[in-house]
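The first residue in the sequence is number 1, and the count goes up from there.
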Amino acid sequence: MNVYFGENLRRLRMERGMTQEGLGDHLGISFQSVSKWERGETLPDIEMLSCIAAFFDVTTDSLIGMERHLREKEVNQAIGRYSDLWSKGDYCGAFDVMKSAVTRFPGEYALWVRYLNVMCWIGRSDADKATKFKPEADAVYSRIADYCTEDNVRIWAKTIMCRYYRFLCDRNLGVTEEKVYEMLSGLPLMQNCRDYLGVTLLSGVAKSEQRKKTVAELGYLLSAVATGYDKPGELECAIATLEALFPEGDFGKATVNVALLYANLCRAYKTMGRREEASVAYEKALGIASAFDGVCELEHSSPLVRELSVSKNSVPMAQAGSLVNRVKTCAEK
């Protein structure tokens with residue numbers, strides 16, 4: 001349990017315009033004790049806690065932040081339910097959970113951004129839903145952009161809206177190419193992100209671990225970019241690069257995309273009459289997909305990412321059903 005006594009005590013003291021020495025004099029203790037409490041190094045005993053609460057005319061529960069603790073517990077429970085439903089592909093259920101949660105806790109932007117995420121995900125499933133959800137999505141995004149002070153939440157919200165606007169633009173649903181670019185231009189460049197800066201700024205074991213995570217993330221990003229390719233030469237080059245990065249075939253977060261790249265390559269070969277090569281690519285795709293469907297944790301063993309592991313639930317699109325079935329569908333299009 002988090003105890004917020006220190007920050008609450010400091011806030012109450014400053015609202016009264018008191019110094020640590022002044023509060024110490026009123027309580028019959030040293031200012032050093034007050035300082036340690038506010039820094040979270042020590043806590044007062046029960047008797048002193050009651051005296052402090054009485055002095056500031058607040059309850060002891062309020063003083064130690066019990067209400068805040070209970071609120072955080074409920075918020076985390078809502079996020080847990082959302083994550084569980086999302087991993088099972090129950091997006092409507094996740095939407096209902098988040099809609100209820102933001103109504104109950106309107107000041108919690110960790111809830112608002114997940115509400116936005118699932119709303120836009122459902123909205124991107126068809127044009128009618130996209131049009132229906134747009135006013136609400138715009139309003140939620142504006143709320144986050146205008147009032148949230150957490151950069152990671154703000155960036156996530158902007159990323160969600162970039163994808164949503166792209167969907168709307170492609171279907172001529174009231175969003176222009178300029179609007180998509182405007183939203184996209186507000187996101188940080190890759191060189192300004194944590195994955196790159198961590199490698200340059202950290203040291204020792206932390207740097208080594210960050211380097212592995214960054215390489216794995218670069219592999220995923222390459223695989224995601226490559227999913228837009230449809231020519232054999234492009235697909236072969238992308239796959240060869242990924243296999244050089246992960247020579248043990250441990251594609252981790254990129255696994256779904258790599259399997260689908262092979263399926264796309266199979267389809268491309270078939271259109272050119274290269275049946276034997278298409279068969280090899282298809283078998284490769286099925287092998288990767290079958291292994292992925294049978295595990296819960298993805299373990300890396302290639303030199304640049306050795307001993308790194310990835311939860312299957314954290315892999316984008318992992319919850320979209322059997323990867324083997326998706327590979328078959330993709331290869332036969």
Common cluster, L218/L222, ILVMFWY with side-chain heavy-atom separation under 4.5 Å: no
Same cluster (ILVMFWY, side-chain, under 4.5 Å), F5 and F31: no
Distance in Å, L298 CG paired with S311 OG, rounded so as to fall on 0.5 Å steps: 8.0 Å
Intermediate values then yes/no, side-chain contact (heavy atoms from CB on, under 4.5 Å), V34 and T19: CA-CA 10 Å; V34 176; T19 63; over 6 Å; no
Point-to-point distance, once rounded to the nearest 0.5 Å, from OH of Y91 to CG of L85: 11.0 Å
Within one Ile-Leu-Val-Met-Phe-Trp-Tyr cluster: I155 and Y165, side-chain cutoff 4.5 Å: no
Pairs of donor and acceptor atoms involving the side chains of residues 180-196, under 3.5 Å and at least two apart or interchain, shall be tabulated with distances.
from, atom 1, to, atom 2, distance (Å)
S185, OG, Y181, O, 3.3
S185, OG, E182, O, 2.8

Closest heavy-atom pair and its distance - W37, I52: CZ3-CD1, 3.5 Å
Path from V310 to L221 over hydrophobic side-chain contacts below 4.5 Å: no
ring-ring contact (aromatic ring centres under 6.0 Å, His included) partners for F133, two or more places apart: F95
Within 6.0 Å of CD in E307, more than 12 heavy atoms from elsewhere: no
Residues which pass salt bridge (charged side-chain N to carboxylate O under 4.0 Å, His left out) with K134, listed by chain and number, not counting sequence neighbours: D138
K270 atom NZ, neighbour heavy-atom count above 12 within 6.0 Å: yes
Test side-chain hydrogen bond (donor to acceptor under 3.5 Å, both in side chains) applied to R166 - qualifying residues, sequence neighbours left out: D170, E177
Any donor-acceptor pair under 3.5 Å from T271 side chain to A268 backbone: yes
Short N-O contact, D128 and K132, less than 4.0 angstrom: no
Pairing residues for E209 by the salt bridge (charged side-chain N to carboxylate O under 4.0 Å, His left out) criterion, not counting sequence neighbours: K212
Nearest heavy-atom neighbours spanning V97 and A78: CG1-O, 3.7 Å
Rounded distance [0.5 Å steps], CG in L9 versus CZ in R13: 7.0 Å
R10 atom CZ: more than 12 heavy-atom contacts under 6.0 Å: no
side-chain hydrogen bond (donor to acceptor under 3.5 Å, both in side chains) between S100 and T103, intermediate numbers included: CA-CA 5 Å; S100 174; T103 300; over 6 Å; no
By side-chain hydrogen bond (donor to acceptor under 3.5 Å, both in side chains) - contacts of R39 (at least two apart): S35, E41
Qualifying residues under side-chain hydrogen bond (donor to acceptor under 3.5 Å, both in side chains), relative to E108, sequence neighbours excluded: R71
Within 6.0 angstrom of E276 CD, more than 12 heavy atoms from elsewhere: no
Close side-chain approach of Y109 to Y147, heavy-atom, < 4.5 Å: yes
Sequence neighbours excluded - side chain to side chain donor-acceptor pair (under 3.5 Å) pairs with any residue from residues 213-225: Q210-T214, E217-K253, S223-N257
Mind listing the side-chain donor-acceptor pairs of residues 112-120 below 3.5 Å, one per line with the distance, residues two or more places apart or on another chain?
from, atom 1, to, atom 2, distance (Å)
W112, NE1, P106, O, 2.8
R114, NH1, A110, O, 2.8
Y115, OH, E136, OE2, 3.2
N117, ND2, Y82, OH, 3.0

Closest contact, heavy atoms only, T60 versus L49: CG2-O, 4.2 Å
Any donor-acceptor pair under 3.5 Å from S62 side chain to T59 backbone: no
Under 3.5 Å donor-acceptor, R326 side chain and S322 backbone: no
Smallest separation among heavy atoms of C169 and T176, with atom names: SG-C, 3.8 Å
hydrophobic_cluster_shared for V324 and V295, side chain cutoff 4.5 Å: yes
Could you list the donor-acceptor pairs under 3.5 angstrom formed by side chains in residues 232-251, with sequence neighbours left out?
from, atom 1, to, atom 2, distance (Å)
E236, OE2, Y269, OH, 2.4
T241, OG1, C237, O, 2.9
E243, OE2, Y262, OH, 2.3
D250, OD1, S302, OG, 2.4
D250, OD2, H300, ND1, 3.1
D250, OD2, S301, N, 2.6
D250, OD2, S302, N, 2.9
D250, OD2, S302, OG, 3.3

Within 6.0 angstrom of K36 NZ, more than 12 heavy atoms from elsewhere: no
Criterion side-chain contact (heavy atoms from CB on, under 4.5 Å) on T255 and V315, from CA distance to verdict: CA-CA 8 Å; T255 302; V315 176; 5.6 Å; no
Fellow cluster residues of I46, listed by chain then number, with links counted only when side-chain atoms sit under 4.5 Å apart: none
Nearest heavy atoms of M48 and I29, plus distance in Å: CE-CG2, 3.8 Å
salt_bridge(R267, E332) N-O dist < 4.0 Å: no
Working for side-chain contact (heavy atoms from CB on, under 4.5 Å), residues I160 and W156: CA-CA 6 Å; I160 293 166; W156 186 9; 3.5 Å; yes
Step-by-step side-chain contact (heavy atoms from CB on, under 4.5 Å) determination, K88 to D84: CA-CA 6 Å; K88 296 174 180 176; D84 182 57; 3.1 Å; yes
Within 6.0 angstrom of R163 CZ, more than 12 heavy atoms from elsewhere: no
Heavy atoms from other residues, nucleotides or ligands near CZ of F55 exceed 12 (cutoff 6.0 Å): yes
Donor-acceptor pair, side chain of K312 and main chain of F292, under 3.5 angstrom: yes
N264 (side chain) donor-acceptor with D230 (main chain) under 3.5 angstrom: no
K158 versus Y141, side-chain donor and acceptor atoms under 3.5 Å: yes
Short side-chain to backbone donor-acceptor contact, S125 and I122, under 3.5 Å: yes
Heavy-atom pair of closest approach, residues A130 and F167: CB-CE2, 3.5 Å
Partner residues of R143 under the salt bridge (charged side-chain N to carboxylate O under 4.0 Å, His left out) criterion, sequence neighbours left out: none
Main-chain N/O of A224 paired with T227 side-chain donor or acceptor, under 3.5 Å: yes
